[in-house]
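So the structure is just underneath, and the comments pick up after that.
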Amino acid sequence: MPELPEVETIVRGLRPQLIGKKIRFIRVRSDHVLTGSPRGFRRVLEGAIIREIGRKGKFILITCDQEIRLITHLRMTGQFLLAPRERVVDPHTHVLFDLEPGTDQLRYRDVRKFGRLAAVARGTPAISLLQDLGPDALEISAATLFRNLQQKKRAIKPLLLDQTFLSGLGNIYVDESLYRAGIHPLTRADTLNRDQARLLHRHMRQILRQAIRAKGTTVSDYRGPEGIVGGFQRFLRVYDRSGDPCRICGQTIQKTRVGGRGTHTCPGCQPWPQKSG
DNA sequence: ACTATCCCCTGACGGC
DNA sequence: TGCCGTCAGGGGATAG
């Protein structure tokens, strides 16, 4: 579900609500979403005071005193919600954090249970997932992106989705970025020239920033921390628009499958390069 | 190094 | 109405 702009929106929404709060008590309704045992999870986090909330790629990092951390990946349907303790608990809510001061609860809800929550104790090295993360899509420079693309023979779309190569992009923003840069998703990465890499870099940044401003994209079930719906979907030009005309050339937006993922392209604006040269 | 294919889960939707 | 197949903003494991 959430990609970089949605995760950034969530982080920004949680920050003012959580900074300075103490995690007083944790209730785990389903340990499926925890990376370790509920016992260990609670032992590490109960009593911790939240100091910082950040993002790395699509991971949410909640840092407490003494470098205790809660690291979360929402995968497809994970959500953080803030609710008064007495509010009815939705059946897909798996972890509840009582906060102090106040009467609010931070709730982790996840319909498909693909998301994961990990508690990192003081002095414990960062989990391997974070170490393997590639540069953040909003932090990488055009020059570095170009240099890194030249080392890869893979098709550009699966490469951009590979979080060890670049972190933050998901299916929506990859399709949108490639469309705006006029690059076909199956183009071999090392065949892109410097100008194409620059164009891709510029559009990717522009789209991500615009999407953050719009508070993300809601196609079906993404919601921000307060249940807020994103607004970027009205700016989408290919994603979820198959069968509709391209806004630039009028040709019909196609939906195909690339690397196992639904892929949206405009045949006019994103020519297939390896065929025609 | 890279691709293809499951798999993890649940729900929504279209066709019959 | 119900059943069945397919698909979904992600990513890990495994076989070729």
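In what follows, every chain begins at residue 1, and chains take the letters A, B, ... in the order their sequences are listed.
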Exercise. Considering only side-chain heavy atoms of A:K113, which listed nucleotide, C:dG9, B:dT10, C:dA8, is closest?
Worked result: B:dT10
Problem set entry | A:I172, nearest nucleotide to its side chain (from C:dG9, C:dC7, C:dG12) | C:dG9
Problem set entry | Shortest side-chain distance from A:Y239, nucleotide among C:dG12, C:dG9, B:dT3 | C:dG9
Exercise. Can you tell which of B:dG11, C:dA8, B:dC2 lies closest to the side chain of A:K152?
Worked result: B:dC2
Problem set entry | Base-pairing mate for B:dC9 - Watson-Crick or G-U, with both contacts under 3.5 Å | none
Exercise. Between A:D110 (CG) and C:dG11 (C1'), how many Å, whole number?
Worked result: 13 Å
Exercise. Just checking A:G115: base, sugar-phosphate only, or nothing, at a heavy-atom cut-off of under 4.0 Å?
Worked result: nothing
Exercise. Counting any heavy atom closer than 4.0 Å, what does A:Y173 reach on the DNA or RNA strands: base, sugar-phosphate only, or nothing?
Worked result: nothing
Seminar exercise, completed: Quick note, A:K255 side chain, CB onward, closest among C:dG9, C:dA8, B:dT3 is C:dA8
Exercise. Whole Å only: how far is the CG atom of A:D162 from the P atom of C:dA13?
Worked result: 14 Å
For this session: Whole angstrom is fine here: how far is it from NZ in A:K215 over to P in C:dG9?
Result: 24 Å
For this session: Report the glycosidic orientation of C:dG11: syn if within 90° of 0, anti in every other case.
Result: anti
Exercise. Does a nitrogen or oxygen in the side chain of A:H92 sit under 4.0 Å from OP1 or OP2 of B:dC9?
Worked result: no
For this session: Assign A:R116 to base, sugar-phosphate, or nothing according to its heavy-atom contacts below 4.0 angstrom with the strands shown.
Result: nothing
Exercise. Which distance, rounded to the nearest 0.5 Å, do you find between the CZ of A:R241 and the CD of A:Q233?
Worked result: 13.5 Å
Exercise. How are the rings of A:F235 and A:F232 set relative to one another: parallel (under 30°), tilted (30 to 60°) or perpendicular (over 60°)?
Worked result: tilted
Problem set entry | A:L133 CG - C:dG11 P separation (whole Å) | 9 Å
For this session: Mind checking A:V111 for me? I need base, sugar-phosphate or nothing, with any heavy atom below 4.0 Å counting as a touch.
Result: sugar-phosphate
Exercise. If you measure from the P atom in C:dC3 to the same atom in B:dC9, how many Å do you get, rounded?
Worked result: 24 Å
Exercise. May A:F114 be described as stacking on the base of B:dC8, applying a 5.5 Å centroid limit and a 30° limit on plane angle?
Worked result: yes
Exercise. Considering only side-chain heavy atoms of A:V219, which listed nucleotide, B:dC9, C:dG9, C:dG11, is closest?
Worked result: C:dG9
For this session: Take atom CD of A:Q233 and atom C1' of C:dG9, then tell me their distance rounded to the nearest Å.
Result: 12 Å
Exercise. When rounded to the nearest 0.5 angstrom, what is the spacing between CG in A:L178 and CD1 in A:I207?
Worked result: 9.0 Å
For this session: Counting heavy atoms from C-beta on, name the nucleotide in B:dT3, B:dC9, C:dG11 closest to the side chain of A:A155.
Result: B:dT3
Seminar exercise, completed: Across every strand shown, the nucleotide meeting Watson-Crick or G-U wobble geometry with C:dT14 (both distances under 3.5 Å) is B:dA4
Problem set entry | d(CG, A:L186; P, B:dA4) in whole Å | 9 Å
Problem set entry | Residue met sooner reading DNA chain C from 5', once A:R257 and A:H73 are mapped to nucleotides | A:R257
For this session: Give the intermediate values and the outcome of side chain to side chain contact (heavy atoms under 4.5 Å, CB included) for residues A:K157 and A:D175.
Result: CA-CA 8 Å; A:K157 167 154 178 172; A:D175 279 5; 2.7 Å; yes
For this session: Return the value, rounded to whole Å, for the distance between atom CG of A:L178 and atom C1' of C:dG9.
Result: 16 Å
Exercise. Going by modelled atom types, is there a donor-acceptor pair between the base of C:dA8 and the side chain of A:R112 at under 3.5 Å?
Worked result: yes
Exercise. Do the charged groups of A:R107 and A:D90 touch, with an N to O distance under 4.0 Å?
Worked result: no
Exercise. Do the non-hydrogen side-chain atoms of A:P5 and A:Y173 ever get within less than 4.5 Å of each other?
Worked result: yes
Problem set entry | Length of the line joining A:I156:CD1 and B:dA1:P, which is rounded to integer Å | 18 Å
Exercise. Only one of A:I71, A:L34, A:I60 forms a side-chain contact (heavy atoms from CB on, under 4.5 Å) with A:L117, so which one is it?
Worked result: A:L34
For this session: Look at the side chain of A:R75 and decide which nucleotide, out of B:dT3, C:dG12, B:dC9, has an atom nearest to it.
Result: C:dG12
Exercise. Distance between the C1' atoms of B:dT3 and C:dG9, in whole angstroms?
Worked result: 23 Å
Problem set entry | Nearest-Å distance once atom P is located in both B:dT10 and C:dT1 | 24 Å
Exercise. Counting side-chain heavy atoms from C-beta on, which of C:dG9, B:dC9, B:dC2 comes nearest to A:K153?
Worked result: B:dC2
